[in-house]
Asks: 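Okay, handing you the structure first.
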Amino acid sequence: MDGDAIDKPFRTGAVSRILIGYTCDMEVARETVDSRRRTRRRDIADLLRPPYPSLLIVFVFLVLSAINAPRPLHLDNVEFPAVALRTATSGLPVYYHGELEAETSALYHPPLYIYLLAAWIRAFGSSVVAMRMFGVACVLLQGLITLEIVRTLYATPIMQRISAPFWLLFLLNPYTIQTAGICDIDSTIYGPFLCLTILAALRVSWSDGQWRSGKPAIWEYTLIAAGLFFCFWAKLTTVLLLIPFLWLILVTRLGRIRAAVVSMAVVLGGMGAFAGSYWIYGKALGLDVGYTYDFVWASLRERGSSGNPGLSAFLRDHYDNFAFMVRFMFSWIGALPWLAAMAFLSIAAFDAIGRKDKKSLHAGLVLGLAMLSTIYYCAQVKTFGFAPFKYVFVYWGLVLAAPLLLLERLRRRSTSPPDPAKGRSMYWLYGTIYAATFAFGILAARDTLMLRGFHGPYRWVALAPAIGLGVALSFVRLRRTAFVTAASALAMYGGLQCGIGVFQTQADYSTTYDYGQTGFADTVAFLRTNTTPDDILAAMKDIGFACQRRYYPTYLPIYGSDLARIPLMRAIETGKIAYAVFTEDRGQDQLIVNPAFRSWILANCRLVRSIGNYRIYKPTAVAADTTRNTVDTGGRQVRSDIVF
């Protein structure tokens, strides 16, 4: 056989096929690489493209918050500003809390919020507007973290689709606008820290909606421990509900035994780092950090309880709290988010148990944690001064994500072919519903439910969108009809809430603590005009803080024992009090609550001004003590130049 015969098969068959196949593979590989590059460029372009609707909503929220921010700080709203102002100069969370507590430790909770607010004050000033805008910044951060949680579980396209509606519901809402204006831990930093810890736990298993195949790195578990560390430094309460949640999240990836070991190590790491650093902090600054643990334990044990012994009394007290708070929360938030959350939880439980779907399991756990926290706090304690309930604000973004994810599920179930013209007409429909209900909210409903409670015809304002969503869910088999009905209910809810929120920013009365109270600013103006910095008032802490005057607190003398009234009565009798201030109809220091003390005040003081809900009294006793620059407070002398 000659050489040509031997080489022929290679030349005409195998070799050519190999060369052709290699060339085709190279072309396919080149096309795949080019496709990936185009996809990557498109993803980058999508990320860099400004989300104009979301930016417009954020802008409107900032305007409304700026209009709302100059309002006076009422009641508990002055606690953290007062200590943060002092901490900004002294570095210690010790502040003036009335003549009987001139140098008081503010370590009711770990002082992370105090130091962050003090740093904010150093950067942006000590005005009420500046301090309230710190809460506004924290609200925006909480919203961003919530959307990142959605992106981690459901992928970027879904997050982008719900982004603008989420900001619309989350930001242009009376509960968000007013709670962001409360200078407190739960309404500012606690939500972002708790949600960041949840996000770190989810990222162990998920990345952009996909189940991760690789082994998690040690640093990923360290991030969870770091999140717990900062949560503990913020507050030692809500974070406790987060601890068992971590094991439930990790068990699907690591198995029961290994998840228990890892979650225990993470929790002990975060908790141990906090306890050690907090002990060092207390020793270094000479502060009693044990006061924090005692205060938290007393709060968990006693708050919301009538004090009657026995399990039946405990359950009755918490049931009464919950029954009251359900109506109160409906007056602020409406019923739709809670109905949507329960529906989403039911669907997630069905998919997690019946279909073994891990994504539904983790989404249900996240929302379940938010709902459990809400139920717990509503059962534990009632709102103080009819202010928006700040304790459940930490997971508010997660709750509002539920109706949008439910709507996304209805959209995916719809089998109707897309029709651009019909899609545009639907947007016009939703916009019309939003505008009409916004007008109704700002012109008719207003804040009637907050002022008068959850009764009367306007309670249907809070229930109507939920009824619409219930109708949509009952006709879920009519997929497109269900989607349009649910979207219309969401538009109705968003318009009503936005209208109420805009009306609140224009109200001339308090819209947080002692909701509806009038006369605060004029009362402060009268007292500042008619007193000197050396004068002492009898007033609530918010009046003393706003007037920048020393004061004897009036809350305990009204609600406390006879012994609690003695210091104030003695100060009035000896002429140390320039003016005594109480409230009527709306306020925490109403004399009518204590008839005996009221009779004593009327016998020893004369009413000089009635301003709104405030009553200003002038003691009739002649001052017997000429040393007005100091006052005896249990054996120690307190100077009049108190730094507030």
Side-chain angles (χ1 to χ4, degrees), residues 146 149-150 153-154 162 165-166 169-170 173 175-176 195 198 238 241 244-245 248-249 318-319 321-355 357 359-380 389 391-413 454 459-477 479 482-483 485-494 496-497:
T146 300
I149 290 174
V150 172
L153 276 174
Y154 289 99
I162 75 166
F166 170 78
L169 296 180
F170 180 57
N173 191 296
Y175 181 59
T176 302
C195 291
I198 294 171
T238 313
L241 291 174
F245 161 86
L248 293 172
I249 283 291
H318 286 72
Y319 172 78
N321 292 340
F322 185 75
F324 173 84
M325 287 305 300
V326 165
R327 296 191 299 272
F328 181 82
M329 294 298 289
F330 279 4
S331 69
W332 272 92
I333 294 174
L336 183 141
W338 312 114
L339 175 63
M342 288 187 289
F344 186 87
L345 277 175
S346 301
I347 295 171
F350 175 81
D351 288 344
I353 297 172
R355 301 178 182 177
D357 183 55
K359 184 175 296 186
S360 296
L361 173 63
H362 284 185
L365 286 173
V366 171
L367 185 57
L369 174 66
M371 294 295 290
L372 179 62
S373 177
T374 301
I375 292 171
Y376 170 79
Y377 277 111
C378 287
Q380 186 198 30
F389 200 47
Y391 299 115
V392 301
F393 190 69
V394 293
Y395 295 131
W396 175 226
L398 295 175
V399 172
L400 273 185
L404 297 172
L405 292 174
L406 192 64
L407 192 67
E408 182 67 20
R409 184 182 180 88
L410 291 174
R411 189 193 68 81
R412 292 201 308 270
R413 286 173 58 88
F454 191 73
R459 67 179 180 273
W460 297 107
V461 170
L463 296 177
I467 294 172
L469 181 62
V471 170
L473 295 176
S474 64
F475 292 103
V476 70
R477 292 185 181 277
R479 296 175 178 178
F483 174 82
T485 306
S488 300
L490 275 177
M492 182 189 302
Y493 173 79
L496 285 170
Q497 294 298 100

Asks: For the residue pair F389 and T374, establish whether any side-chain heavy-atom pair is separated by less than 4.5 Å.
Replies: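 No; the side chains remain at least 4.5 Å from each other.
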Asks: Working to the nearest 0.5 Å, report the span between CH2 of W338 and CD1 of I375.
Replies: 9.0 Å
Asks: Do you know which two heavy atoms are closest between C378 and M325, and how far apart they sit?
Replies: O-CG, 3.5 Å
Asks: Could you tell me the separation between the CZ atom of F328 and the CD1 atom of I333, rounded to the nearest 0.5 Å?
Replies: 9.0 Å
Asks: Answer whether the closest heavy-atom distance between the side chains of L398 and L369 falls below 4.5 Å.
Replies: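 The answer is no; the side chains never approach within 4.5 Å.
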Asks: To check you understand the geometry: which heavy-atom pair defines the closest contact between L339 and G470, and what is its length?
Replies: CD2-N, 3.9 Å
Asks: Can you find a pair of side-chain heavy atoms, one from L345 and one from M342, that are under 4.5 Å apart?
Replies: no
Asks: Would Y175 and F393 satisfy ring-ring contact (aromatic ring centres under 6.0 Å, His included), going step by step from the backbone distance to the final call?
Replies: CA-CA 9 Å; Y175 181 59; F393 190 69; 5.5 Å; yes
Asks: About how many Å separate CG of L406 and OG of S346, when rounded to the nearest 0.5 Å?
Replies: 10.0 Å
Asks: V366 versus F245: any side-chain heavy-atom pair under 4.5 Å?
Replies: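 Answer yes - side chains close enough.
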Asks: Is R409 reaching over with its side chain to a backbone N or O of L405, donor-acceptor style, under 3.5 angstrom?
Replies: no
Asks: Could you tell me which non-hydrogen atom of A482 sits nearest to which non-hydrogen atom of F475, and how far apart they are?
Replies: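 For A482 and F475, the tightest heavy-atom pair comes out as CB-O, 3.5 Å.
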Asks: Any side-chain to backbone donor/acceptor pair from H362 onto L153? Under 3.5 Å, distance only.
Replies: no
Asks: To the nearest 0.5 Å, how far apart are CD in E408 and CD1 in I162?
Replies: 7.5 Å
Asks: Classify the ring geometry of Y377 against Y391: parallel below 30°, tilted from 30° to 60°, perpendicular beyond 60°.
Replies: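 Rings of Y377 and Y391: parallel, as their planes differ by under 30°.
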Asks: At their closest point, which heavy atom of A486 faces which heavy atom of A472, and how far apart are they?
Replies: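 Answer, listing the atom of A486 first, then A472: N-CB, 3.5 Å.
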Asks: I'd like to know whether V392 forms a side chain to side chain contact (heavy atoms under 4.5 Å, CB included) with M329, so could you lay out the CA-CA distance, the side-chain angles of the two residues, the decisive distance to 0.1 Å, and finally the verdict.
Replies: CA-CA 10 Å; V392 301; M329 294 298 289; 3.5 Å; yes
Asks: Report yes if some heavy atom in the side chain of I347 is under 4.5 Å from a heavy atom in the side chain of S360; otherwise report no.
Replies: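 Result no, sub-4.5 Å side-chain heavy-atom pair not found.
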Asks: For the residue pair L407 and A487, what are the closest heavy atoms and their distance?
Replies: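 Shortest heavy-atom contact: CD1-N, 3.6 Å.
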Asks: Taking the side chain as every heavy atom from C-beta outward, state whether V150 and L404 have any pair of such atoms under 4.5 Å apart.
Replies: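 Sidechains of L404 and V150: no contact.
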Asks: Does the plane of the ring in F170 sit parallel, tilted or perpendicular to the ring in F166? Use 30° and 60° as the thresholds.
Replies: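 Judged by the thresholds at 30° and 60°, the geometry between F170 and F166 is parallel.
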Asks: Take Y395 and T146 through the test side chain to side chain contact (heavy atoms under 4.5 Å, CB included) and record every step on the way to the result.
Replies: CA-CA 9 Å; Y395 295 131; T146 300; over 6 Å; no
Asks: Out of the candidates L400, L169, N173, only one should pair with P337 under the side-chain contact (heavy atoms from CB on, under 4.5 Å) rule; please name it.
Replies: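 With P337 as partner, L400, L169, N173 yield a single side-chain contact (heavy atoms from CB on, under 4.5 Å), made by L400.
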Asks: Nearest 0.5 Å, please: how far is OG1 in T485 from CZ in F483?
Replies: 10.5 Å
Asks: Distance check, rounded to the nearest 0.5 Å: Y376 atom OH versus H318 atom NE2?
Replies: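 Atom-to-atom, Y376:OH and H318:NE2 are 6.5 Å apart.
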Asks: Which heavy atom of Q497 sits nearest a heavy atom of W332, and at what distance?
Replies: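 Taking every non-hydrogen atom into account, NE2-O, 3.1 Å.
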Asks: Should V461 and Y493 count as side-chain neighbours, where that means a heavy-atom distance under 4.5 Å?
Replies: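 V461 vs Y493: side chains apart.
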Asks: Under a 3.5 Å distance rule, please check whether K359 uses its side chain to pair with a backbone N or O of Y154 as donor and acceptor.
Replies: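 Side chain of K359 to backbone of Y154: no pair is present.
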